[in-house]
Amino acid sequence: MQSTVRGKAFIMGDNIDTDQIIPAEYLSYNPADPEERKYFGMYAMAGVPKGQLGLPDGNTRFVPENEFATEFRIVIGGKNYGCGSSREHAPLAMAEAGAQVVIAEFFARIFYRNCVNGGYLLPCESVERLVDEIHTGDDCEVNIETGTLTNHTQQKTYQLKPLGDIAPIIEAGGVFEYAATKGMIKD
Amino acid sequence: MPRAMTMTEKILAAHCGQDQVQPGDNVWVNVDILMTHDVCGPGTIGIFKERFGKDAKVWDPTRIPIIPDHYIFTADDKCHRNIQILRDFVTEQGIPYYYDPDFVNTQAGSGMPNPYRDPTQTNYKGVCHKALPEEGHCRPGEIMLGTDSHTCTAGAFGQFATGVGNTDAAFAMGTGKTWLKVPPTMKFTFKGNIPPYLTAKDLILAVIGQVGFSGATYKAMYFTGDGVQSLSLEDRMTLTNMAIEAGGKNGICDVDEKTLRYVEARSNRPDWTVYQEDVNAEYDGEFTWDLNDLEPLVAKPHSPDNTATARECKDIKLDRAYIGSCTGGKITDMIFAANILHGQQVKIPTFVVPGSTEVHADMKRLGLDGEPVKEGQKNIEQVLQDAGCLLGAASCAACLGGPQDTFGRLNEPINCISTTNRNFPGRMGHKEAGVFLASPLTAAASALTGHVTDPRDYINGPITTGSAGIC
């Protein structure tokens, strides 16, 4: 696992549910097929209503139309990020587009678990509310060792909560890798 | 003195080989049942093969029911292809509990499938959360995982059931195990008897309205009291189904005579263990309602906790009604709706989707009292069709939007009252459509007026559901 991730931030609101992150109509693509998997990147955040996409202006596409990759590495939401459907396609879509870290005040548990066990994204909880301070496009850097988020654009640093019990799974890269280190499954 | 435990704690302890556990413990547990469907099955199978090898065998084929239900009635070739992936996998693995939509031609370009002609003459079942107990996969004391957030529905049977992603499912598919953090339990007590104008939908909307739709995040939600006991098993499934709409890890109900009657009639395994809540168990919050004080509720757009009484919303104009899904498409839900609609005409387009082929068969078999229809009486399906409802085939259908050609999907920014469980933006299709969650009684009453309507305006006495949905 890299100890720092630096890139542009994409800011979202509270209660971003997985239907917004990847709408149900795109779930017919098979993530196990490498060609089809790319389309999850194309449609990441396709269900977020107008005015809510890339705050504060709310009209910034996460992925440009007809493209597969995002310029945003760090997604920041408010409360209850990833609520709703258990679809693992949600963190997969964000990661497929190129996001590496998702930060929220707190996460819905299945989304969080999918981020960790599938090794898609590093999910970090912020100590304070960030979505009213950081703007979409700000140059941000997450440092896992110091547990901080630095906004280089605004020259401010924020504390992130420790990863806690799941740190060993994150460090291993996912639940399969973790289980292999414990001898539960063959490597 | 051993620590007093909740049902959820006892089930997790028994499955990790410990005498006791407490909230916050991380434990590796043995899984009893792993369910997947057509949306998450192909991805799960892909990870399973990638991680365990292309010739790998699942840990126990008899414990992996596979239930296609989401994208069945669509012309989308990719959806048909996904069904073929399931067919190939169950054949390769010798999985006995696979419920095939045998009327679907998976050749590219085959178009919209013609649905089953007779719901009793197909292997297809419909919505997984309804089919699981029908087909005998739900038992007290077990641990069930499913690649669907509404897997928590099975907690109505006194078991631990929760939704997982494809990676967790693939891991369990190969090992029979998963890791779980033991959740603290919130206790919700309902006192009294369910009155004829309420269903479990009103109870769970009251809960979600109270705690907020992230208020039970990471927690177990325990539903108890004589009010819960007065509900049918099907209605209890509505309570536990929507635990996830408060962020809950699982919902769970006590095991009583009704539970045992259902499970004894249906279970495909002979044994199970009944756990009871210890009297001194610790709770992370306790809430109590008297059913006599509750009114019919709706959840307004765009959140299940945005609740109001149906009466408060009487001026809200509706464009459509939708009666279906795992939470509102059971046979008892259909009987509730039919008792409101019989002999009248709906004012707005009203889509009815049975939760399973068994529900559909029962709609043809049963009358308004939930008993086999007698000569000269109309069955539930006839009552609904005579009232002007549009009847679809059993499936998840428009509950989650799905492909554009899905029956009942909201393709325009309209207002819909729906017996489904989730009303986030775009959930039923269009991002600007407004979904009002309600009981089948409230949805049916609203279909008659075109406005959000309290069902008490149309109920004169008790609605009995007889033996519907039990055996």
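Within every chain, numbering begins at 1; the chains are lettered A, B, ... in the order of the sequence lines, protein sequences first and strands thereafter.
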Between B:Gly46 and A:Ala32, which heavy-atom pair has the shortest distance, and what is it?
-> CA-CB, 3.6 Å
Below 4.5 Å from any heavy atom of chain A, which atoms of B:Leu180 appear? Answer side chain, backbone, both or neither.
-> both
Region of B:Phe52 that comes under 4.5 Å of a non-hydrogen atom in chain A = side chain
Under 4.5 Å, counting heavy-atom pairs only, tell me which of B:Ile85, B:Ile244, B:Ile45, B:Val39 racks up the most with chain A.
-> B:Val39
Nearest heavy-atom neighbours spanning B:Phe424 and A:Cys83 = CZ-SG, 4.1 Å
Look at B:Gly402, B:Gly24, B:Cys79 and state which one has the largest set of heavy-atom pairs under 4.5 Å with chain A.
-> B:Gly402
Heavy-atom pairs under 4.5 Å with chain B, option from A:Ala179, A:Gly174, A:Gly47 with the top count | A:Gly47
Can you tell which part of A:Pro49 gets under 4.5 Å to a heavy atom of chain B, answering side chain, backbone, both or neither?
-> both
Take atom CD in A:Glu128; do more than 12 heavy atoms of anything else shown fall under 6.0 Å from it?
-> yes
Bottom line for A:Ile166: the part with an atom under 4.5 Å from chain B's heavy atoms is side chain
Under 3.5 Å, what donor-acceptor pairs does chain A form with chain B?
unit_1, atom_1, unit_2, atom_2, d
A:Asp19, OD2, B:Arg427, NH1, 2.9
A:Ala24, O, B:Tyr71, OH, 2.5
A:Glu25, OE1, B:Gln404, NE2, 3.2
A:Glu25, OE2, B:Arg409, NH2, 3.3
A:Ser28, O, B:Arg81, NH2, 3.3
A:Ser28, O, B:Asn82, ND2, 3.1
A:Ser28, OG, B:Asp76, OD2, 3.4
A:Glu36, OE1, B:Arg81, NH2, 2.9
A:Glu36, OE2, B:Arg81, NH1, 2.6
A:Glu36, OE2, B:Arg81, NH2, 3.4
A:Ala46, O, B:Lys431, NZ, 3.0
A:Val48, O, B:Lys431, NZ, 3.4
A:Ser86, OG, B:Asp148, N, 3.2
A:Ser86, OG, B:Ser149, N, 3.1
A:Glu88, OE1, B:Asn166, N, 2.7
A:Glu88, OE1, B:Thr167, N, 2.7
A:Glu88, OE1, B:Thr167, OG1, 3.4
A:Glu88, OE2, B:Thr167, N, 3.2
A:Glu88, OE2, B:Thr167, OG1, 2.4
A:Arg109, NH1, B:Thr162, OG1, 3.2
A:Arg113, NE, B:Asp168, OD2, 2.6
A:Arg113, NH1, B:Trp179, O, 3.0
A:Arg113, NH2, B:Thr178, OG1, 3.0
A:Arg113, NH2, B:Trp179, O, 2.6
A:Asn114, OD1, B:Gly165, N, 3.3
A:Asn117, OD1, B:Trp179, NE1, 3.1
A:Asn117, ND2, B:Asp168, OD1, 2.5
A:Asn117, ND2, B:Asp168, OD2, 3.2
A:Asp165, OD2, B:Asn26, ND2, 2.9
A:Asp165, OD2, B:Lys181, NZ, 2.8
A:Glu177, OE2, B:Arg51, NH1, 3.0
A:Glu177, OE2, B:Arg51, NH2, 3.1

Which bit of B:Ala169 is near chain A, if near means a heavy-atom gap under 4.5 Å: side chain, backbone, both or neither?
-> neither
